[in-house]
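Scroll down for the structure; my scribbles are underneath it.
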Amino acid sequence: MGARQVPRHRIRQRITVDCRLPELPEVEAVRQRLVDERIAGTTILSFAAERPGTTKPQRPQEVAKAVRGRVVEGMRRRGKHLFVDLSGGYSIRVHLRMTGNLRIIPDVRLRPATARGWFVLDDGRALILDDPRALGTIHAGRLDEMEAAASAVGVEPLSDAFTDDLLLGAARRSKKPIKTLLMDQRAVAGLGNIYAAEALFRAGIDPRRESRRISALRLRRLRVEIVRVLADAVQSTRIAYRAPGRFGEADSFPLLVYDREGEKCGNCGRIIRRIPQGGRSTYFCPHCQR
DNA sequence: AGTCACCTGATT
DNA sequence: AATCAGGTGACT
């Protein structure tokens, strides 16, 4: 006691677009990049993974059997899930979790030590799940089974289905704090800790506020800000991925509160706070967010 | 509804 | 050496 809390010295590098945790915009960027790299039309020759956790509860062998000899027909995103659709009504479902990345490499023998699963393609290239923390997952099987596994995912926030009424209805049914509701994939698909906090800041809503007690007017504003923050992030992430030499501030989507504990709010100049919420850090401005 | 396990690199 | 980061699923 006695000593006033000193703001911790900030050494950790600001999170930028190239190392940001995968939420909807980052997953969408991964999808677009694979489309750009013309994964469609290739045939999968084989699959392998070393850790059982990567394909759990399937075995790597089962995934291999489901994909071998099938042609890649397209890439889709559903919330934070990626689908690699294959010929014959089959599909691969990938979830990047915290640190995963799905990417093409020129040759499977060049895969990094952090590669957790690898698909060898008939043109010599390989599709790998690169994930230092090994939390990402790969499943494969009939398309309907893969979609069933992601069926609990709610409305796509960048689709026409994400209406004022939909957000209002979800909020009215929930006693959770609004930030917890936004991160619930069954309510809105693809929001995570970062963009939920950013949308709430832009909408001026306290992340702790009970969902059902927020006015329809403020929920309308929240819906607008969710769409805006995600659309802007998709755009800047896409630009950054297409200009690999230009990562950094210029192309980064600015985060106004996330990871800014102790810094001044860009709107009012007061200090941004961090509080635990559902075991996660929530960043917000107590003055601008009510 | 809240807590833990799954992971490992960075930080304290 | 201990803690933190965090999406999700399993658990209480």
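Below, all heavy atoms of this structure are taken into account, side chains as well, without hydrogens, waters or symmetry copies. So you know, we letter chains A, B, ... as the sequences are listed, proteins then strands, and number each from 1. Just so we're clear, the structure is a prediction, and the values are computed from it rather than from any experiment.
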- Take atom CG of A:Leu129 and atom P of B:dC6, then tell me their distance rounded to the nearest Å. 19 Å

- Would you kindly check whether a donor in the side chain of A:Arg280 faces an acceptor in the base of C:dT8, or vice versa, at under 3.5 angstrom? yes

- Item | Interatomic distance where CG belongs to A:Leu21 and P belongs to C:dC4 [whole Å] | 17 Å

- Can you check the A:Lys179 NZ to B:dG2 P distance for me, whole Å? 13 Å

- Message: Output the rounded distance in Å from CG (A:Leu96) to P (C:dT8).
- Response: 10 Å

- Query: Hey, does A:Thr99 reach any base, or is it just sugar-phosphate, or nothing, if we go heavy atoms under 4.0 Å?
  - Reply: nothing

- Message: From CG of A:Asp130 over to P of B:dC7, roughly how many Å is that when rounded to an integer?
- Response: 17 Å

- Atom-to-atom span, CZ of A:Arg260 to C1' of C:dA5 - whole angstrom: 18 Å

- Query: Using a cut-off of 4.0 Å on non-hydrogen atoms, how would the nucleic acid contact of A:Lys80 be classed: base, sugar-phosphate, or nothing?
  - Reply: sugar-phosphate

- In plain terms, say whether A:Glu261 and A:Arg274 are close enough for a salt bridge, that is, a side-chain N and a carboxylate O under 4.0 Å apart. yes

- Report which part of the nucleic acid A:Arg51 touches: base, sugar-phosphate, or nothing (heavy-atom distance under 4.0 Å, all strands). sugar-phosphate

- Measure the spacing between CZ of A:Arg208 and CD1 of A:Ile275 and express it to the nearest 0.5 Å. 5.0 Å

- Item | Spacing between A:Asn193 atom CG and C:dC4 atom P, to the nearest angstrom | 15 Å

- Item | Under 4.0 angstrom between A:Arg186 side-chain N/O and C:dT8 OP1 or OP2 | no

- Query: Quick one: is C:dT8 close enough that its OP1 or OP2 comes under 4.0 Å of any side-chain N or O from A:Gln185?
  - Reply: yes

- Determine, for A:Arg77 against A:Glu156, whether the closest basic-nitrogen to carboxylate-oxygen distance falls under 4.0 angstrom. yes

- Task: Please determine if a side-chain N or O atom of A:Thr137 lies less than 4.0 Å away from the OP1 or OP2 oxygen of C:dT8.
- Result: no

- Item | Spacing between A:Leu135 atom CG and B:dC4 atom P, to the nearest angstrom | 18 Å

- Message: Within the 3.5 Å criterion, strictly below it, is a donor on A:Tyr195 or A:Glu26 matched to an acceptor on the partner's side chain?
- Response: yes

- Note on the structure: By nearest-heavy-atom nucleotide on DNA chain B, the more 5' of A:Thr114 and A:Lys176 is A:Lys176

- Should A:Asp131 and A:Arg97 count as an ion pair when the cut-off is N to O under 4.0 Å? no

- Closer than 4.0 Å, any side-chain N/O of A:His95 to the OP1 or OP2 of C:dT8? yes

- Task: Check if the side chain of A:Arg133 and the base of C:dA5 share a donor-acceptor pair of N or O atoms closer than 3.5 Å.
- Result: yes

